[in-house]
Novice: 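Please find one structure pasted underneath; my questions will follow.
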Amino acid sequence: MQVMFWGTRGSIPVSGSQFVRHGGSTTCLEIRAGGERIVIDCGTGLAQLGKECGGELKDIDIYQTHMHWDHVQGFPFFGPLFNPEASVTVHAVNRQGQSMCDVLNSQMSQPTFPVGLDIIPAALEFDELEQQGVATHGEVTVRWEEVIHPGGSTAYRFEHDDQVIVFSGDVEVQKGCMEELIEFSQGADILIMDSQYFPSEYVNRQGFGHSTPIDAVNVALQAGVKRLVLTHHDPSHDDDKLMEKLELAREYAADSGLLVDNAYDGMLLSAKVSEVVPGNHDEEASLKVSA
Ligand SMILES: [Zn+2]
Ligand SMILES: [Zn+2]
């Protein structure tokens, strides 16, 4: 099982020479396992996924954490939507009485967007999820549950062939879901977690819906996770700042055996920790740290 990161930024996309290492697209990931390719979230990274792999993807499942801007903005620019042979199913929990279909309909209509959902050539389906549940795609099991974030957010757990990858979604564990997320992440090979703020920043941003790298290490250690990947990077954090954040998390996790990396756009990780994917700079660094 592998995870591909297409967008790792929170809040708003960024670009520029100081963001080269980590990239600036907003949240979009892809789980690859047992011949299945499952997408998580429609941030601006989804446009890149469509551009690079659009031709290979015909039957697409997208699991949505929630509907904040940074998680839906890539949808109108997802290439396979314009392929009449493609079918796209979006799985999402309703938020504030609105379904994902309602939200995309209002996003993709005048005066904000010229192409409406009704004239998209691909076959579109919407699956309204309960707040907690389980589904299977081939040999991949997907479990989900609700975590704390303004308006709600879904965490996902993917299981295949004794391997486990967990994605926290946008989450503020200090507001009360720490224990639940630890339980949900038990024994994961990889935990990918929202770590937007330094602890010093979090002091003034309580209630904004995000966690710190220290929170993420605490969850990972208590859940017995092998590798922690920090994501939902703050748009004000350039590459240097993000390396500082990673250092902080690695120091805090020191001697525990936990591998810690920063997610970046274009990163491909295998759930098997020993399998290094060439070109993944942070992964190589973390293996050295742990050696
Ligand atoms: Zn977000
Ligand atoms: Zn959010």
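Each ligand, and each atom within it, is numbered from 1 in the order the structure gives.
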Novice: Enumerate the protein N/O/S atoms at a distance below 2.8 Å from the Zn ion (ligand 2), ignoring waters.
Specialist: His66 NE2, His68 ND1, His149 NE2, Asp170 OD2
Novice: Please check if the distance between the ring centroids of Phe198 and His237 is under 6.0 Å.
Specialist: yes
Novice: Would you find more than 12 non-hydrogen atoms of other residues, nucleotides or ligands less than 6.0 Å from Asp162 atom CG?
Specialist: no
Novice: Is there a donor in the side chain of Arg95 and an acceptor in the side chain of Thr154, or the other way round, less than 3.5 Å apart?
Specialist: yes
Novice: Check this for me: does any side-chain nitrogen of one of Glu145 and Arg143 sit under 4.0 Å from a carboxylate oxygen of the other?
Specialist: no
Novice: Which distance, rounded to the nearest 0.5 Å, do you find between the CZ of Arg205 and the OG1 of Thr212?
Specialist: 13.0 Å
Novice: Does the ring center of His232 lie less than 6.0 Å from the ring center of Phe167?
Specialist: no
